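Written out below as structure tokens is the structure these notes cover.
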There are 2 protein chains.
Amino acid sequence: MTSCMIADSEWPQFRRNVLMGKLPASEAEFLASYDPKKFDAPLATVDVTIFTVINGSLNVLLVRRNEFPYMDKWSLPGGFIDLVGDNDLNATAMRKLKDKTGVDAPYLEQVGTVGSKGRDPRGWSLTVLYFALMSSEKVRLRAGSGASEVAWRPVQNGQVEEVLAFDHEELLKKALERLQNKARYTMLPGYVLPEEFTLTELINIYRVLLEEDIDNPMMRRRLLRTNLLEETGGFREGDTRPAKLYRFAREAAQHVFERNLEGGR
Amino acid sequence: MTSCMIADSEWPQFRRNVLMGKLPASEAEFLASYDPKKFDAPLATVDVTIFTVINGSLNVLLVRRNEFPYMDKWSLPGGFIDLVGDNDLNATAMRKLKDKTGVDAPYLEQVGTVGSKGRDPRGWSLTVLYFALMSSEKVRLRAGSGASEVAWRPVQNGQVEEVLAFDHEELLKKALERLQNKARYTMLPGYVLPEEFTLTELINIYRVLLEEDIDNPMMRRRLLRTNLLEETGGFREGDTRPAKLYRFAREAAQHVFERNLEGGR
DNA sequence: ATAATAGTGTCTTTAAGACAATATTAC
DNA sequence: GTAATATTGTCTTAAAGACACTATTAT
């Protein structure tokens with residue numbers, strides 16, 4: 001038992017200490033002699049799938065890499081954690097987001113983490129995937145570091161036209177799947193709209209995301225029943241009957257409907 | 001622009017190469033000279049919250065650490081990714097699970113990733129959190145590497161009695177929250193039962209998890225309507241009327257009810 | 001027969017879904 | 001007025017929830 005107590009992969013630093021006869025006696029001593037860089041740690045990155053709707057179709061923010069590997073290929077914005085500047089993972093995600101768009105997103109959520117031996121040619125790597133929702137209105141795209149170009153690209157059937165670096169096509173699918181699932185029982189889709197919007201605009205986002213027709217009266221009642229939409233007092237004027245403008249109450253993103261939209265499932 | 005193209009934190013290895021005048025010309029050349037260990041990468045671990053029900057109460061598997069830091073403290077089973085042996089994150093989670101219990105779990109799901117500067121005294125660290133569900137029946141607990149003791153511990157109000165290492169109390173809460181949420185619209189709770197079970201046993205798990213009374217007739221219909229429970233033909237005999245035994249169909253874990261249990265929300 | 005648990009029947013309520021009808025604007 | 005979109009009304013359906021009732025076993 002004792003001989004296999006420390007597995008090879010588990011604590012290289014500890015093992016090294018043991019082999020050198022330097023078994024630390026206290027936690028303080030252990031930490032003082034501990035060097036995190038000697039660990040066999042995977043590469044760790046954060047990637048952000050930023051969605052918006054432009055002219056009634058779903059778009060995602062892509063950047064063109066200007067570094068190896070996958071130089072000149074398009075990818076989701078993302079990169080390494082800044083061990084000095086980033087206090088936690090969310091900070092990394094928000095930094096990446098702001099770096100490319102110049103603004104904060106009204107909604108940001110962690111999707112999950114993908115890690116494997118083969119997903120990055122440099123070695124074992126994992127990436128913590130986020131998705132963000134924002135209106136494309138005030139955004140001024142900036143290439144920032146690591147990218148030569150930034151652009152919104154339309155998403156169709158869970159894909160963009162471009163071939164993406166790494167496993168980012170898979171990541172995009174995962175993020176979209178999460179968003180589509182949540183569209184069935186939350187108000188998240190609204191966060192791709194500017195702060196003020198009409199009910200029809202909001203319902204149209206659901207139509208785009210779920211790729212199915214949605215009954216306007218039903219959806220209107222479903223949304224209003226939550227009491228998380230407040231009238232701004234303003235109207236959207238057009239060639240036809242003006243529509244009331246609404247905004248979300250603060251807790252709207254947390255709301256969970258008791259019943260899912262059934263739709264085409 | 002060019003001067004701030006490569007942020008300090010982003011590509012130390014690349015920066016080093018640039019400073020040394022070794023700008024690689026091709027991806028192959030770049031990869032050949034690439035040394036992942038020179039990266040400033042966070043510590044990366046995988047932790048698994050393994051739930052079961054023993055004598056009608058929710059239990060979680062804990063291990064007592066026999067290594068620094070937090071030596072002798074209880075914690076969730078987990079540890080470093082084996083860059084050689086583990087092909088992906090799920091493999092690490094399954095390995096940790098099997099290492100302590102000797103069996104595979106009928107259900108394993110990634111909850112999310114927590115990472116920050118301060119959660120580990122050794123430095124910036126992130127952990128990918130999983131939760132697993134299993135029957136405690138056939139399990140033979142084994143301390144395995146890194147632990148001096150392994151034991152099931154009852155969970156009450158989202159807590160165990162023991163003080164846990166690192167931020168594992170928080171991780172336990174996160175995993176439990178996910179499980180409780182899913183109990184409202186999935187059949188996952190059943191995966192803490194042995195392969196064959198009665199409907200009343202299954203409903204009782206929901207009661208334990210959701211900490212509220214659940215109408216037996218309602219729940220029975222809700223479960224049976226899915227057609228994902230098949231009768232085994234056997235009966236559980238007791239002092240009273242025998243109960244039919246059921247097992248899950250293969251896809252039962254994926255099933256999502258259109259409507260949530262409302263309960264005490 | 002009684003106790004105890006397994007299992008069925010029935011009624012109410014709520015929200016989704018379908019679709020008809022009305023309201024308000026520009027022209 | 002018409003066209004177009006916003007908004008309201010009404011009916012159906014399905015499942016949750018509540019609770020009364022029946023069924024089957026051991027004693």
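Computed from a prediction, not measured in an experiment: that's the story for all the values here. Naming convention: chains lettered A, B, ... in sequence-line order (proteins, then strands); numbering from 1 in each chain.
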Any salt bridge between B:Arg184 and B:Glu212, counting N to O under 4.0 Å?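 So B:Arg184 pairs with B:Glu212 through a salt bridge.
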[X] [atom1] - [N] [atom2] separation (whole Å):
X: B:Leu223; N: C:dG7; atom1: CG; atom2: P; value: 12 Å
X: B:Arg259; N: D:dG17; atom1: CZ; atom2: P; value: 7 Å
X: A:Phe235; N: C:dA23; atom1: CZ; atom2: P; value: 16 Å
X: A:Lys244; N: D:dT5; atom1: NZ; atom2: C1'; value: 15 Å
X: A:Arg222; N: C:dG17; atom1: CZ; atom2: C1'; value: 11 Å
X: A:Leu245; N: D:dA6; atom1: CG; atom2: P; value: 12 Å
X: B:Met219; N: C:dG7; atom1: CE; atom2: P; value: 15 Å
X: B:Tyr185; N: D:dA15; atom1: OH; atom2: C1'; value: 19 Å

CZ (A:Arg95) and CG (A:Asn90) are apart, to the nearest 0.5 Å, by 12.5 Å
Looking at NZ of A:Lys244 and CD of A:Glu231, how far apart are the two atoms once the value is rounded to the nearest 0.5 Å?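 Those atoms lie 4.0 Å apart.
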Which letters describe nucleotides 18-27 of chain D, given B = protein heavy atom under 4.0 Å from base, S = only from sugar-phosphate, - = neither? BBB--BBBS-
Could you tell me which residues satisfy side-chain contact (heavy atoms from CB on, under 4.5 Å) with A:Lys174, sequence neighbours excluded, listed by chain and number? A:Val114, A:Leu129
Identify, with sequence neighbours excluded, every residue that meets side-chain hydrogen bond (donor to acceptor under 3.5 Å, both in side chains) alongside A:Glu201. A:Arg236
Indicate every side-chain donor-acceptor pair of residues 155-168 of chain A with a distance under 3.5 Å to a residue at least two apart or in another chain.
residue	atom	partner	partner atom	Å
A:Glu162	OE2	A:Arg153	NE	2.6
A:Asp167	OD1	A:Arg119	NE	3.3
A:Asp167	OD1	A:Arg119	NH2	2.9
A:Asp167	OD2	A:Arg119	NE	2.7
A:His168	ND1	A:Leu76	N	3.0
A:His168	NE2	A:Asp47	OD2	3.4

Do B:Asn204 and B:Arg207 get their side chains close enough for a donor-acceptor pair, meaning under 3.5 Å?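 Yes, a side-chain donor-acceptor pair sits under 3.5 Å.
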Specify the residues of residues 188-204 of chain B, ordered by number, for which at least one heavy atom lies under 4.0 angstrom from an atom of DNA chain C. B:Thr200
Check every atom of C:dT8, D:dG17, C:dA15 against the side chain of B:Arg220 and return the nucleotide holding the closest atom.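 So the side chain of B:Arg220 is nearest to C:dT8.
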Do B:Phe51 and B:Tyr191 have ring centres separated by under 6.0 Å? no
Name every donor-acceptor pair, under 3.5 Å, that has one atom in a side chain of residues 52-59 of chain B and the other anywhere in the protein, sequence neighbours excluded.
residue	atom	partner	partner atom	Å
B:Thr52	OG1	B:Met134	O	2.5
B:Thr52	OG1	B:Ser136	N	3.1
B:Ser57	OG	B:Ile54	O	3.3
B:Asn59	ND2	B:Ser57	O	2.9

